[in-house]
Trainee: 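Dropping the structure in here first, questions after.
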Amino acid sequence: SNQMVPSATLRELATGSQHHFLVVGSNAREHAIARKLKESHLCASLSCFAANNNPGIKTVCDNFSTGNITDGAAVAEFARAHKITIAVVGPEGPLEAGVSDALWA
């Protein structure tokens with residue numbers, strides 16, 4: 001199935017299973033998160049769905065796209081296309097708009 005895996009536990013993360021990470025957002029917070037995720041041995045791939053072109057984030061990502069980060073369907077479609085297993089939603093706007101719920105669906 002192409003659904004995100006909700007069962008990734010801290011224990012699984014600690015044992016070294018690799019994940020396909022998604023960062024939603026394009027500000028300094030998301031840049032810092034993206035850099036750290038990319039450095040991790042747990043990172044099989046790093047994707048970003050951003051509100052605007054951030055060259056710093058784009059440099060560390062395997063997949064980068066811009067769009068409406070409050071559009072849950074668009075973010076979820078991007079996540080499915082890149083087989084995302086863990087998503088980090090940085091800005092509050094997408095959280096308020098239900099993007100996390102769309103990713104779990």
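Just so you know, these numbers use all the heavy atoms, side chains as well, and skip hydrogens, waters and symmetry mates. As the structure is a computational prediction, the values presented were derived from the model and not from experiment. Position 1 is the first residue of the sequence, and the numbers go up from there.
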Trainee: Please check: side-chain N/O of D71 versus main-chain N/O of A74, any donor-acceptor pairing under 3.5 Å?
Mentor: yes
Trainee: Kindly give the heavy-atom pair with the smallest separation between A73 and A102, and that separation in Å.
Mentor: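 Nearest pair, atom of A73 first, then A102: N-CB, 4.5 Å.
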Trainee: Cluster question for you: counting only ILVMFWY and a side-chain heavy-atom cut-off of under 4.5 Å, with indirect links fine, are V60 and V88 together?
Mentor: yes
Trainee: Out of curiosity, does I57 fall in the hydrophobic cluster containing F21 (side-chain heavy atoms, cut-off under 4.5 Å, transitive links)?
Mentor: no
Trainee: Check the surroundings of atom NZ in K58: do more than 12 heavy atoms from other residues, nucleotides or ligands lie under 6.0 Å from it?
Mentor: no
Trainee: Can you tell me how far the CZ atom of F49 sits from the CG atom of N63, to the nearest 0.5 Å?
Mentor: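 Reported to 0.5 Å precision, the distance equals 12.5 Å.
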Trainee: Which heavy atom in S17 sits nearest to a heavy atom in L42, and how many Å separate them?
Mentor: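 Distance-wise, the nearest heavy atoms are O-CD2, 3.5 Å.
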Trainee: Does a donor on one side chain and an acceptor on the other come within less than 3.5 Å for H20 and S45?
Mentor: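 Their side chains do contain a donor-acceptor pair, which is all the 3.5 Å distance test asks for.
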Trainee: Could you check if a side-chain atom of E96 sits within less than 4.5 angstrom of a side-chain atom of T70, using non-hydrogen atoms only?
Mentor: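 Contact flag for E96/T70 side chains = no.
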Trainee: About how many Å separate CD of Q18 and SG of C43, when rounded to the nearest 0.5 Å?
Mentor: 7.5 Å
Trainee: Atom OG of S47 and atom CZ of F64: how far apart are they, to the nearest 0.5 Å?
Mentor: 11.0 Å
Trainee: State the CD1-CG distance between I86 and L103, to the nearest 0.5 angstrom.
Mentor: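 One finds 12.5 Å between CD1 of I86 and CG of L103.
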Trainee: To the nearest 0.5 Å, what is the distance between CG on L22 and SG on C48?
Mentor: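 Answer for the CG-SG pair, L22 versus C48, is 7.0 Å.
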Trainee: Would you check if I69 and P91 make a side-chain contact, meaning some heavy-atom pair closer than 4.5 Å?
Mentor: yes
Trainee: Salt bridge between E92 and R29, side-chain N to carboxylate O under 4.0 Å?
Mentor: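 Here E92 pairs with R29 in a salt bridge, since their nearest N and O are under 4.0 Å apart.
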Trainee: Scan L46, V23, V24 and name whichever one has a side-chain contact (heavy atoms from CB on, under 4.5 Å) with I33.
Mentor: V23
Trainee: Minimum heavy-atom separation for I84 and A87, please, with both atom names.
Mentor: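 Closest pair (atom of I84, atom of A87, distance): CG2-N, 4.3 Å.
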Trainee: Do E39 and K36 meet the salt-bridge criterion of a basic N to acidic O distance under 4.0 Å?
Mentor: yes
Trainee: When rounded to the nearest 0.5 angstrom, what distance separates OG in S65 from NE2 in H82?
Mentor: 7.0 Å
Trainee: Does any donor atom in the side chain of S26 or N54 lie under 3.5 Å from an acceptor atom in the other side chain?
Mentor: no
Trainee: Please check this pair: side chain of E30 against backbone of N27, looking for a donor-acceptor N/O pair closer than 3.5 Å.
Mentor: yes
